[in-house]
Amino acid sequence: MLTPEENELICRVGPGTPMGDVMRRYWHPLIISDELPEPDCAPIRARLLGEDLIAFRDTNGKVGLLAEQCPHRGASLFFGINQESGIMCIYHGWKFDVDGNCVDMPSDLPESNYKDKVHATSYPTVESAGVIWAYMGPKDKQPPPPNYIFNNLPADHVIAFRVPIECNYLQSMEGNIDSTHLGTLHVYHQDKVPVDLETDKPGYPSSKFALYTRAKYRFARVDVQDTDYGFRLIADRPTDAGNKYIRTNCFVLPYTAFIASQGMNGGVLIQVPIDDENNQRVGIRYNVNEPFTASDRRAAIEQGALMDPADPKKRLKRMDNDYMIDRWAQKNTILAGIWPIPEQDYALIETMGPIYDRSKEHLYGGDAAIIRCRQMLLSMARNLQEGIEPPGLDPSIPTQKIRSEEIIIGPDEDPWLVAAGAGETTKRGERLR
Ligand code: FES
Ligand SMILES: [Fe+2]
């Protein structure tokens, strides 16, 4: 539970807010590279941390991210012409390059050099993992570009997509580190039938066995351990044969979750604050060992972002159609009555309200990771106001080694030793901040 003041502090991310300042110390995955498919293509609108922006790919392929409003008299640069290494505002012809320099001012007197004094607000971008990342903070605090495992793989080993979600980023993010909903929200009635019991031994469970175990043992012992990049959480469930079914998620500040996945085949969910009442999920799947096929790619994107064919900017299943809930299915096939799995999460998270009021909730042990996440973010917001920079940004942190894991271990094995390759302490309970 948070006080109303704490809730405001942690949720508001606009310019000049304490959490907005924290967010402006990190790189944000904003746009999928394919949305700007070629040099000089049409610009697109974007919005991040409450600021309206336009993105364009210039003649050299470099991506510019500018404040949407032209610095002359505020016309939208969305209507601008992107050509010859810059975007030209079609009101009076002022033209800006990707760094925001005004490179042409044809409507000013020929002898004037006023254009040299004008700059559009511009933000640096980098492209990797099929995503355009943006940094909106002070120049002297700009960290090195993101360096996770998926930023270091060939393009065909990574799938990235983004989905609009109509609520504050924190609600979505809390869902990504919430292990105990797996035994309810994401369960089929058929999952309760014992299957693949032969995988109940140390090693990787089959997905059927994992579903069966989560449906049978609906609780999980959730434990959290601070790391240099945020924290790890372990959800520990029993199995029929007396082993431990372990799911390890990594929470990377300020809003990224490596979701428990087996071995070198990973899934990451990043909940980017668009403004106080909207966020976008950037989903990334990666496979270290082999490239994805075209059909893997199609399936992952379709399931991650089920969009409305009549209005491709909107999700098909949304609040105004009750996420197309099927009450018969709820009692007979799938508990949520909503399909596919990500929509189950979106339905419950969005209907908490645009900014969920955390002053009336009742947290339990299963919410340990959510509690730790809030503590960290709140202290980061307060600390930065006192001049203490946020954690997780030191380039010596081996972020490329962060891994989540889903595995069965023996009854006497230590779950903290699972997937601890990024310098994580295995001393339980140690607090780093
Ligand atoms: S408003 Fe853009 S050039 Fe005048
Ligand atoms: Fe979920």
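In listed order, ligands and their atoms are each counted from 1. These numbers come from the heavy atoms of this one structure, side chains and all, not from hydrogens, waters or symmetry mates.
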Whether over 12 other heavy atoms sit under 6.0 Å from Lys331 NZ: no
Aromatic rings Phe219 and Tyr217: how do their planes relate, parallel, tilted or perpendicular, breaks at 30° and 60°? perpendicular
Looking at Tyr91, I'd like to know if its OH atom is crowded, meaning that more than 12 non-hydrogen atoms belonging to other residues, nucleotides or ligands lie closer than 6.0 Å. no
Is it the case that more than 12 heavy atoms not belonging to Gln69 sit under 6.0 Å from its CD atom? no
Evaluate whether atom OH of Tyr204 has more than 12 neighbouring non-hydrogen atoms of other residues, nucleotides or ligands under 6.0 angstrom away. yes
The complete set of side chain to side chain donor-acceptor pair (under 3.5 Å) pairs with one or both residues in residues 158-169, sequence neighbours excluded, reads Glu35-Arg162, Arg162-Gln280
Scan for ring pair (Phe, Tyr, Trp, His ring centres under 6.0 Å) pairs involving residues 347-378, sequence neighbours excluded, and state none if there are none. none
Near atom 2 (Fe) of ligand 1, meaning under 2.8 Å, the protein N/O/S atoms are Cys70 SG, Cys89 SG
Within a 6.0 Å radius of atom CZ on Arg221, are there more than 12 heavy atoms belonging to other residues, nucleotides or ligands? no
Here the Fe ion (ligand 2) sees protein N, O or S atoms within less than 2.8 Å, and their number is 4
Matching residue for Thr125 among Ile31, Val63, Leu30 - test: side chain to side chain contact (heavy atoms under 4.5 Å, CB included): Val63
